Protein chains: 2
Amino acid sequence: MFETLSALAEPNRLRIVELLRAGPQPVGEISERLRLRQPQVSKHLQLLKEVGLVGVEPVAQQRVYQLRPEPFRKLHAWVEAYRGLWEARFDDLDVVIEDLKRKEKENARHDRRKK
Amino acid sequence: MFETLSALAEPNRLRIVELLRAGPQPVGEISERLRLRQPQVSKHLQLLKEVGLVGVEPVAQQRVYQLRPEPFRKLHAWVEAYRGLWEARFDDLDVVIEDLKRKEKENARHDRRKK
DNA sequence: AAAGAATATTCACGTCAAGGAATATTCTTC
DNA sequence: GAAGAATATTCCTTGACGTGAATATTCTTT
């Protein structure tokens, strides 16, 4: 989950992933379309592969890379956990603040007693 | 979108965000629960704030931080764009490979003619 | 097996960002 | 207004990472 995020947290890698959304592509094509030098593309793809974001399939001398679904499923699930944030529920802040102020006053009372 | 990703692509920052899912918290509490030194927590929160992932509300000397919905909505939307990956559709790879091989053969034919 | 195409790997270098320690700010209370 | 609590900021050092250039691998074709 965290590995997925940091893999995506790099401009060119993100571009590659977004390009691959259009379909599987060999390294050369990615390199051309994104105007990146081949070695860097290979490196990024290597990283993406290690994290499971992409898979490879050799075709002659080329290697066709494609997105793999798992990481995206997990990412989706992770974000879903925050659904409560933008649905229904108002800002909790006011409530919490009131709570904090209440506790504060209580402590104040206690302190006074102690003394 | 990319800023959001790179903000989350840091272990402690991710932990902070996940902790804040439980509700708004002042810096000190975050610092305690995650066993991180206060200055680093402040720094991370600063970053998260700049990217819009969190908001602050001062309460006396404390600053209560809370998650903001926007970035999560966008993240969700982004991932949704990859929905096709894990739904319906089989691996495209075979198709693409067949395609590549076909083109290859065509080129081979052309080459032969040219020569 | 030699040549060429497509891709991978290595090495050196520069940058950027996280952590630690010390200090500055802000706000409350007495 | 001085002291203390909660948080922010600065400065420094170090490690990780992306890039570029050169080279190595892999695979096909003749």
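Reminder, nothing fancy here: chain letters follow the sequence lines and each chain counts from 1. Note that the structure is a prediction, hence the values are computed from the model and not measured. Below, each value reflects all heavy atoms present in this structure, side chains not excepted, and no hydrogens, waters or symmetry copies.
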I'd like a table of donor-acceptor pairs (distance under 3.5 Å, sequence neighbours excluded) in which one partner is a side-chain atom from residues 68-85 of chain B, with atom names and distances.
residue : atom : partner : partner atom : Å
B:Glu70 : OE1  : B:Arg73 : NH1          : 2.8
B:Glu70 : OE2  : B:Arg73 : NH1          : 3.2
B:His76 : NE2  : A:Glu80 : OE2          : 2.8
B:Trp78 : NE1  : A:Glu18 : OE2          : 2.9
B:Glu80 : OE1  : B:Arg83 : NH1          : 2.6
B:Glu80 : OE2  : A:His76 : NE2          : 2.9
B:Glu80 : OE2  : B:Arg83 : NH1          : 2.7
B:Arg83 : NE   : B:Glu87 : OE2          : 3.2

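Straight-line distance from the CG atom of A:Leu34 to the P atom of D:dG18: 16 Å, rounded to whole Å. Nucleotide C:dA6 holds its P atom 15 Å from the CD atom of A:Gln25, rounded to whole Å. In this structure, CD of A:Gln61 is placed 7 Å from P of D:dT28, rounded to the nearest angstrom. Atom-to-atom, CG of B:Asn12 to C1' of C:dG20 comes out at 14 Å; the value is rounded to the nearest Å. The nearest whole Å value for the distance from the CZ atom in B:Phe2 to the P atom in D:dG18 is 10 Å. Between the C1' atom of C:dT7 and the CD1 atom of A:Ile30 lies a distance of 12 Å, rounded to the nearest Å. Rounded to an integer number of Å, the gap from CD of B:Glu29 to C1' of D:dA6 is 13 Å. If you take NE2 of A:His44 and C1' of D:dG20, they are 12 Å apart, rounded to a whole angstrom.
For A:Gln38, the side-chain contact (heavy atoms from CB on, under 4.5 Å) test picks out A:Val27, A:Ser31, A:Ser42, with sequence neighbours left out. A search for side-chain contact (heavy atoms from CB on, under 4.5 Å) contacts involving A:Arg13 returns A:Glu10, A:His44, A:Leu47, A:Leu48, not counting sequence neighbours. For A:Arg63, there are no side-chain hydrogen bond (donor to acceptor under 3.5 Å, both in side chains) partners at least two apart in sequence or on another chain.
Counting only heavy atoms from C-beta on, A:Gln62 has its side chain closest to C:dT7 among C:dT7, C:dA5, D:dA6. Side-chain proximity of A:Ala60 to D:dT28, C:dG19, D:dG18: nearest is D:dT28.
We find the CG-CG distance between B:Asn12 and B:Leu36 to be 4.5 Å, quoted to the nearest 0.5 Å.
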What does the list of N/O pairs under 3.5 Å between the protein and nucleotides 8-10 of chain D look like, with a distance for each?
residue : atom : partner : partner atom : Å
D:dA8   : OP1  : B:Tyr65 : OH           : 2.5
D:dA8   : OP2  : B:Ser42 : OG           : 2.5
D:dA8   : N7   : B:Gln38 : NE2          : 2.7
D:dT10  : O4   : B:Lys43 : NZ           : 3.2

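Evaluated for a side chain to side chain contact (heavy atoms under 4.5 Å, CB included) with B:Ile16, the options B:Leu53, B:Leu67, B:Leu34, B:Val54 yield exactly one hit, B:Leu34.
Sorted by first then second residue, the salt bridge (charged side-chain N to carboxylate O under 4.0 Å, His left out) pairs that include residues 33-55 of chain A, not counting sequence neighbours, are A:Glu29-A:Arg33.
One finds no side-chain N or O of A:Arg13 lying less than 4.0 angstrom from the OP1 or OP2 phosphate oxygen of D:dC17.
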